[in-house]
2 protein chains.
Amino acid sequence: MVCKTEVRQPVREEISLPKVLHALSDPVRMEIVLKIARAGEVACGAFDIPMPKSTLSHHFRVLRESGVVASRREGNELMNFLRSDDLEARFPGVLETIIAAGNR
Amino acid sequence: MVCKTEVRQPVREEISLPKVLHALSDPVRMEIVLKIARAGEVACGAFDIPMPKSTLSHHFRVLRESGVVASRREGNELMNFLRSDDLEARFPGVLETIIAAGNR
DNA sequence: AAGATGGTTCGACTATTTTCGAACAACTCG
DNA sequence: CGAGTTGTTCGAAAATAGTCGAACCATCTT
């Protein structure tokens with residue numbers, strides 16, 4: 001058996017629109033995405049969302065499994081970034097306009 | 001008491017992005033939206049989706065309550081149309097790009 | 001008025017999501 | 001090594017969403 005703790009992030013071609021939209025349909029996850037969009041890369045711990053770590057981790061998992069976010073270990077922490085290129089290639093304009101709309 | 005069977009559709013200012021995205025995150029509802037987008041106006045009965053009427057009705061309700069779709073009685077049937085103007089005013093480009101993405 | 005047609009509502013059931021604490025794993029630093 | 005930090009995984013419980021049949025409502029036709 002391999003990769004017990006590896007999160008399965010879809011490759012570009014596997015990213016599905018319904019899953020992306022579902023991932024973005026949660027206010028907490030939308031906040032996460034907006035913050036990443038503003039900052040470029042954000043560690044999981046950088047969100048002062050009043051919520052247990054496990055719950056936050058769940059939301060990151062949904063974002064990763066949907067293909068919206070990818071993560072990369074940087075020493076002790078996980079840096080999260082948007083998969084803008086993949087999303088733009090697959091669903092042009094979708095993430096962009098949603099982020100713009102989310103910023104009011 | 002009023003409007004027992006009136007569906008509560010949000011006014012423009014009340015349309016919420018998470019609810020819109022949730023409405024569009026279901027494949028059946030996405031199909032409905034795509035068909036309406038192509039045809040302009042579609043009666044509920046015009047969907048040859050293999051599914052009981054009550055289930056289809058449920059999906060239309062979600063679409064209406066989220067503000068994505070509005071309906072108008074035309075004699076015996078209900079004609080459904082997208083609230084493109086309201087959505088464009090509130091979340092510019094979002095519905096458009098999602099529909100384009102949904103059409104592959 | 002009675003039938004036929006097009007949709008909605010209700011209630012029950014199932015399935016999926018969300019939430020959370022506790023335990024665990026990976027890494028850093030002293 | 002041992003302690004502190006960061007984040008994940010594992011159950012299990014609670015909330016939300018989807019599905020469906022039966023009954024119902026509205027409208028048109030006869």
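Just so you know, these numbers use all the heavy atoms, side chains as well, and skip hydrogens, waters and symmetry mates.
- By the neighbour-count criterion of 12 heavy atoms within 6.0 Å, atom CZ of B/Arg72 is densely surrounded, having more than that number from other residues, nucleotides or ligands.
- For the pair A/Ser71/A/Val69, a side-chain contact is recorded, criterion being any heavy-atom separation below 4.5 Å from C-beta on.
- By the rule that hydrophobic residues join a cluster once side-chain heavy atoms approach within less than 4.5 Å of another member, B/Leu24 and B/Val62 end up as members of separate clusters.
- At the phosphate of C/dT9, OP1 or OP2 sits under 4.0 Å from a side-chain N or O atom of B/Arg61.
- Between A/Arg90 and A/Arg83, every side-chain heavy-atom pair lies at or beyond the 4.5 Å cut-off.
- Between A/His22 and C/dT16 there is no side-chain N or O to OP1 or OP2 distance below 4.0 Å.
- Distances shown here put every side-chain N or O of A/His58 at or beyond 4.0 Å from the OP1 or OP2 atom of C/dT19.
- Note on B/Arg8 versus B/Glu65: salt bridge recorded, some NZ/NE/NH1/NH2 to OD/OE distance being below 4.0 Å.
- More than 12 heavy atoms of other residues, nucleotides or ligands shown are found within 6.0 angstrom of CZ on A/Arg38.
- Using a 4.0 Å cut-off on heavy atoms, the residues of residues 25-55 of chain A that approach DNA chain D are A/Ala43, A/Cys44, A/Gly45, A/Lys53, A/Ser54, listed by number.
- Between the B/Asn103 side chain and the B/Ile99 main chain, a donor and an acceptor come within less than 3.5 Å of each other.
- Taking 4.5 Å as the limit, some side-chain heavy atom of B/Leu21 sits within range of a side-chain heavy atom of A/Met30.
- One finds no salt bridge joining A/Glu31 and A/Lys35 here, because no Lys/Arg side-chain nitrogen approaches an Asp/Glu carboxylate oxygen to under 4.0 Å.
- Taking atom CG of B/Leu24 as the reference point, atom C1' of D/dA17 lies 16 Å away to the nearest angstrom.
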I would like to know whether B/Thr97 and A/Thr97 meet side chain to side chain donor-acceptor pair (under 3.5 Å); could you show each step before the answer?
CA-CA 8 Å; B/Thr97 56; A/Thr97 55; 3.2 Å; yes
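- Summary for the helix from C/dA1-D/dT30 to C/dG30-D/dC1: the axes at its two ends, each from 5 pairs, differ by 20° when rounded to the nearest 10 degrees.
- Listed by residue number, A/Asn76, A/Glu77, A/Leu78 are the residues of residues 72-82 of chain A with a heavy-atom contact under 4.0 Å to DNA chain D.
- Using a 4.0 Å cut-off, no side-chain N or O of B/His59 falls inside it from OP1 or OP2 of D/dA17.
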